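Before we start, here is the structure in question, set down as structure tokens.
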Amino acid sequence: MQLAVSTLLSGISAGGQYALIAIGYTLVYGILRLINFAHGDVFMVAGLVVIYMTASMPLYVALPLMVVFIVVLGFCIERAAYKPLRSAPRMSVMISAIGVSFLIQNFATYYTGGLARFYPEIPFLYDSVTIAGATTRWVTIVTPFLVVALVLLLLLLINKTKIGLAMRAAAKDFETCQLMGIKINSVISFTFVIGSALAAIGSILYFTNYPSIMPQSGALPGLRAFVAAVFGGIGSIPGAVVGAFIIGICENIVKVNPTYSIFSDAVTFIILIVVLGVKPTGLFGEKVTDKV
Amino acid sequence: MPAATLEKKSKRGAFLSLAGVAAVLALVIVLENTLDPNRNIIVFTTLKKGAVYALVAVSMNLLNGFTGLFSLGHAGFMLLGGYAYAIFTIPSAQRESVYYMYDGSAINFSFPEFFSNLFGGSGAGGAAGMVLGMLIAIVIAGLVAALVAWLIGLPVLKLKSDYLAIATLGFAEIIRAIFQWEPGGRITNGANALKSFPTFNNFNITDAEGEIVLRLSTSVCFAISALCIFLIVLLINSSYGRAFKAIREDEVAAEAMGINLAKHKRLSFIISSFFAGVGGALFAMYVNQVQAKTFNSAMTYELLLIVVLGGMGSISGSAIAAFLYVACGEWWLRFLDSEAAFKSASDRWAFIIVLAAAAAALTALLLWRRKRQGARKFSELWTACLLGAVVLGYDIYYAASGSMEVPFLRTGFRMVVFSVIIMVVVLFFRRGLMGDKELPARLRELAAFIRRLAAKIRRPSAGGGKPGAAAGKEAGGDE
Amino acid sequence: MSENVLRIENLTMQFGGVVSVNGLSMEVNKGEFVALIGPNGAGKTTAFNCVTGVYQPTNGRIEFMGETIVRNHPQGRMARQYMGERATLYTSAYRGEDDPEALEAIEREGDGERRAQLRAQFDAEARERLESAKRRDPDALTNRVIAPTPDRITQLGIARTFQNIRLFSSLSVFDNVLIAKHMRARQNVFSATLRLNRREERRMREETMALLEEQDLARFKDEVAGSLPYGLQRRLEIARALATEPRLLLLDEPAAGMNPQETQELGEFIVKIKEKYELTVFMIEHHMDLVMQFCDRIYVIDFGKLICEGSPEAVRADRRVIDAYLGVVE
């Protein structure tokens, strides 16, 4: 019972953290049809920035500043690496994304010296709490509520505001959207800003749970989050969130037995492949037919 | 008959390229036997790794560039090949020590040993048997990868573009997890490395005392890789290769032309995986060990970058890019990783001037590229200016600081510079080294360009021969 | 009676809640040049896509040279959503009752004896229909679905062109046609790679060259297909379709974007290749001059339903056709 509760709790918590990253993937994919491979690395940078900032300033300054920094980083990546390739084939943009990911990882290795750095303990989030006999940190409890609140906010933004309408339009039809006089570049930049901000918030939660940060630390959560986005139907925000929670929970169930813990990532992909086999566009994805 | 002349032309091209490959092979043999292998380790490492990566990149290009299937599972198939090779070649005497965590191996069969014993155990016969066994094991490595590709091909290849990419990436991860799984340890040695199997060094010809008479380790690696690439080229230029290209161009039209999509996609997938498996075996021989964790998705990305740098749909491009990539990563940029200080002020100033010139040249090059693409707005040019300004700014800062130490150089800087170079290529030379053309066509283009440039310089009034233009084209040709 | 090459029966294609083709039945006889016309969005291309295996029809059967090549009935979720007619026609539930309204009319008949008599006649007709269905299609009254992929259809001998040209645009003109020869070549991947199929390869190349020369495309053989002018691209697409050695050629708006003179030339060209290769041609077209001048028979559909069929003269005079094209005058 205790084991089940703690597994479920850590699963939900991990799922919530993946959800925040997955939204970044799904939004960008929805508009640009691009797997933004650099997103996981932006997430990792968010962790590192906090570590270096807290050395010289208090946490309550460092965290908001970090979010701003990550937003700027996401914006710059889009402008420098993706915007020049707007008319290029999709493959080129994806390669550019892989290149950016490569660059960020290598730069982080150079800057940190390739050693693991440790995330500062954030008061309250890091404190322990006991639920149904299972001891966990507050972050585990906070995550799902925070995620739901943020997602509701995001949905409100997308469904009720003008920029949200522009984003939805851009996701439906890029070219027509331009013809209708929507400034497509600012819409895309805005998408990256939202995605990066959510990843930055996610990083606070995630690295409180797993405090050791390596330059490659972003790759795996990034990949899992991306799988979650595909699993839920890429382009769909509720899909990404549901997918992320399912994947987080499954991963933690597999981790329970140490013999099988090596499969914790493999299981993510097994689920993905099964889902894609049954429903090729994910749980909530729209079916796109080729016009002949 | 025009069809006949076409055939003749392609035949001449084939002979020329075969002659080229033979010349390279001969050069490698000569190099290997004249250069001191201990002092030039880096050269041979680069050559071997380059040859292995060339093969794997070409096999990836077959799938991604020629069939248009975006697959990211190559590291997984290399893993299968590497493990299959290792498992079937570790001599039984060594098994105990390799599998010490699991009290010995479940499989106690080694192809090289078997054939070596069959042909007389020792001496020339034994050596021949050993080589035969290794070659058979390499083929088996490919077959194992191909078998797995055959099994997963049916469900996976139904998926389209990005979904296919992520599913194949997933399969590679699953395979990796399976090979690291403890209960399979008696076969795969769990998370530990498999080693002590015969490598390229076993191809060196020794005399009775064990002294090396003729070194062949690097050239054998080249020869196997070249043979495989040659087979892929033959395939691509065959009727099946054309069918693959048709699928890449337009699936619906290809199907309407009677090309069975499922069958041909699967075929391409299997063949590509076969050669990835062979490449995995060669990779295992190159590093002298196999460990599942090496074959991660970063490796696939690396290969994908090579394919793109060389040009999607260009075999020679992939091969050349593989060597350039490996050489840059392992060798040419190595100096960036070690801290260094200038001995004299004049050296330091020379460095500062070179850096400033590089910044100016880079900015000019980027600006020129942008202008040629028809961009007039300043906002489209700011990337170029910014990049130049950053480098120049640092240069000025360094000049003012008065420090003698070379700025930035320390462990890891090599990879930063390397990835910046890759980003520049990806952003500004999008079609890569070769585009979708092969080396001869590209060389002809380059020759024509140089002729035009020469004509322009002779008559400066006509075009005002821009030096930036020359730099741009050459960079396009080299990187 | 001349031999059917293509026979479409009760073809219905429903996408979600939209019935794009509804109970379409038509026949194309050997050596004929038949046109399918209708206003935009009438379901012409959808019908073509069903014939060529791009879509799996929701309901209906298609026969080619007397052999069933496509056969389906509404299943799964579609069985509940189905809005077309005759849902049970190609299932084991079919008993030959084709006309539920006639049956109701019989049931309403007051006179008992007459009702029984009508009923018996109705049943006899149903039995007859059942028998004939069985004769035509050995799989009738089983739930078997036949849904071949497009390449299989092409192998059987139906070639097509596309409404929006779909060439392999970055390959050469020569390769475009050569690729169509791949399907019928006797080779496998090993023999092709190791060049053991040299004779077969040479034959493919020679046939391709001959075809290009005949289509007056030989001059352009090394050009990239995408760089050809529009008219030549159309011609190349037809050449490519011919290279698959078809018996039935489906042309989807071959004259789209052509001026009257080009259209006239195209018509003559189609007739010429039809004679030369002993083809049957089935064409979707909007250019009425082309259709009226060259076609033997015309089918007109509107909103997925067949509204008229006959010779060009008959169709030209038909009230329903005029209504469909110009709108109904109240």
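Predicted model only: the values in this text are computed from it and were never measured. In what follows, every chain begins at residue 1, and chains take the letters A, B, ... in the order their sequences are listed.
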Please classify the contact of Ala192(C) with chain B as side chain, backbone, both or neither, using a heavy-atom distance under 4.5 Å.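 Both backbone and side chain of Ala192(C) come within 4.5 Å of chain B.
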Per-residue contact mode, Arg195(C) against chain B (heavy atom under 4.5 angstrom):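 The answer is the side chain of Arg195(C).
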Quick one about Glu249(B) and Ser170(C) (side-chain donor to acceptor, distance below 3.5 Å, no hydrogens or angles considered), yes or no?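 Yes, side-chain donor-acceptor contact under 3.5 Å.
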Quick one: what part of Thr244(C) sits under 4.5 Å from any heavy atom of chain B, side chain, backbone, both or neither?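 When you check distances to chain B, only side chain atoms of Thr244(C) fall under 4.5 Å.
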Counting heavy-atom pairs closer than 4.5 Å to chain C, which one of Ala253(B), Gly258(B), Ala254(B), Ala243(B) comes out on top?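 The answer is Gly258(B).
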Just give me the residue among Leu261(B), Asn237(B), Ile232(B) that pairs up with chain C most often, heavy atom to heavy atom, under 4.5 Å.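 Most heavy-atom pairs under 4.5 Å with chain C: Asn237(B).
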Less than 4.5 Å to any heavy atom of chain B: does that hold for the side chain of Gln187(C), its backbone, both, or neither?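 Both the backbone and the side chain of Gln187(C) come within 4.5 Å of chain B.
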Most chain B-contacting option - heavy-atom pairs closer than 4.5 Å, from Val189(C), Ile179(C), Asn176(C):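 The option with the most such pairs is Val189(C).
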Do you know which of Leu231(B), Leu235(B), Val233(B), Asp250(B) has the most heavy-atom pairs under 4.5 Å to chain C?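 Option with the top pair count is Asp250(B).
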So with a 6.0 Å cut-off around CZ of Phe190(C), is the heavy-atom count from everything else above 12?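 At most 12 heavy atoms, drawn from other residues, nucleotides or ligands, come within 6.0 Å of this atom.
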With rounding to the nearest 0.5 angstrom, report the CD to CG distance, Glu255(B) to Asp151(C).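 If we round to the nearest 0.5 Å, Glu255(B):CD and Asp151(C):CG are 5.5 Å apart.
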Within-4.5 Å side-chain heavy-atom neighbours: Phe168(C) and Arg242(B):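 A side-chain contact under 4.5 Å is absent here.
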Output the distance between atom OG (Ser238(B)) and atom CG (Leu194(C)), rounded to the nearest 0.5 Å.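 If I round to the nearest 0.5 Å, the distance is 9.5 Å.
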Do other residues, nucleotides or ligands put more than 12 heavy atoms under 6.0 Å from the CZ atom of Arg144(C)?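 Incorrect, the count does not exceed 12.
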Contact winner vs chain B - Thr52(C), Leu171(C), Thr149(C), heavy-atom pairs under 4.5 Å: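 Most heavy-atom pairs under 4.5 Å with chain B: Leu171(C).
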Residue pair Ile259(B), Met183(C): steps toward the side-chain contact (heavy atoms from CB on, under 4.5 Å) verdict: CA-CA 6 Å; Ile259(B) 293 168; Met183(C) 165 188 73; 5.8 Å; no
Counting C-beta onward and ignoring hydrogens, is there a side-chain heavy-atom pair between His264(B) and His182(C) closer than 4.5 Å?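 Sidechains of His182(C) and His264(B): in contact.
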Within a radius of less than 6.0 Å around NZ of Lys158(B), do more than 12 heavy atoms belonging to other residues, nucleotides or ligands occur?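 No - once you tally the heavy atoms of other residues, nucleotides and ligands closer than 6.0 Å, there are 12 at most.
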Would you say CZ of Phe269(C) has more than 12 non-hydrogen atoms from neighbouring residues, nucleotides or ligands within 6.0 angstrom?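 Above 12, so yes.
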Under a 4.5 Å heavy-atom cut-off, does chain B meet the side chain of Ala159(C), its backbone, both or neither?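 Contact with chain B involves no heavy atom of Ala159(C) at all.
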Any side-chain to backbone donor/acceptor pair from Thr154(C) onto Ala256(B)? Under 3.5 Å, distance only.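 Between the backbone of Ala256(B) and the side chain of Thr154(C) there is a qualifying donor-acceptor contact (under 3.5 Å).
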Say you draw a straight line from CG of Asn260(B) to CZ of Arg152(C); how long is it, rounded to the nearest 0.5 Å?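 Reported to 0.5 Å precision, the distance equals 9.5 Å.
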Do the non-hydrogen side-chain atoms of Ile271(B) and Thr193(C) ever get within less than 4.5 Å of each other?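 No - every pair of side-chain heavy atoms lies 4.5 Å or more apart.
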To the nearest 0.5 Å, tell me how far Met257(B) CE sits from Gln155(C) CD.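 Spacing of CE (Met257(B)) from CD (Gln155(C)) equals 12.5 Å.
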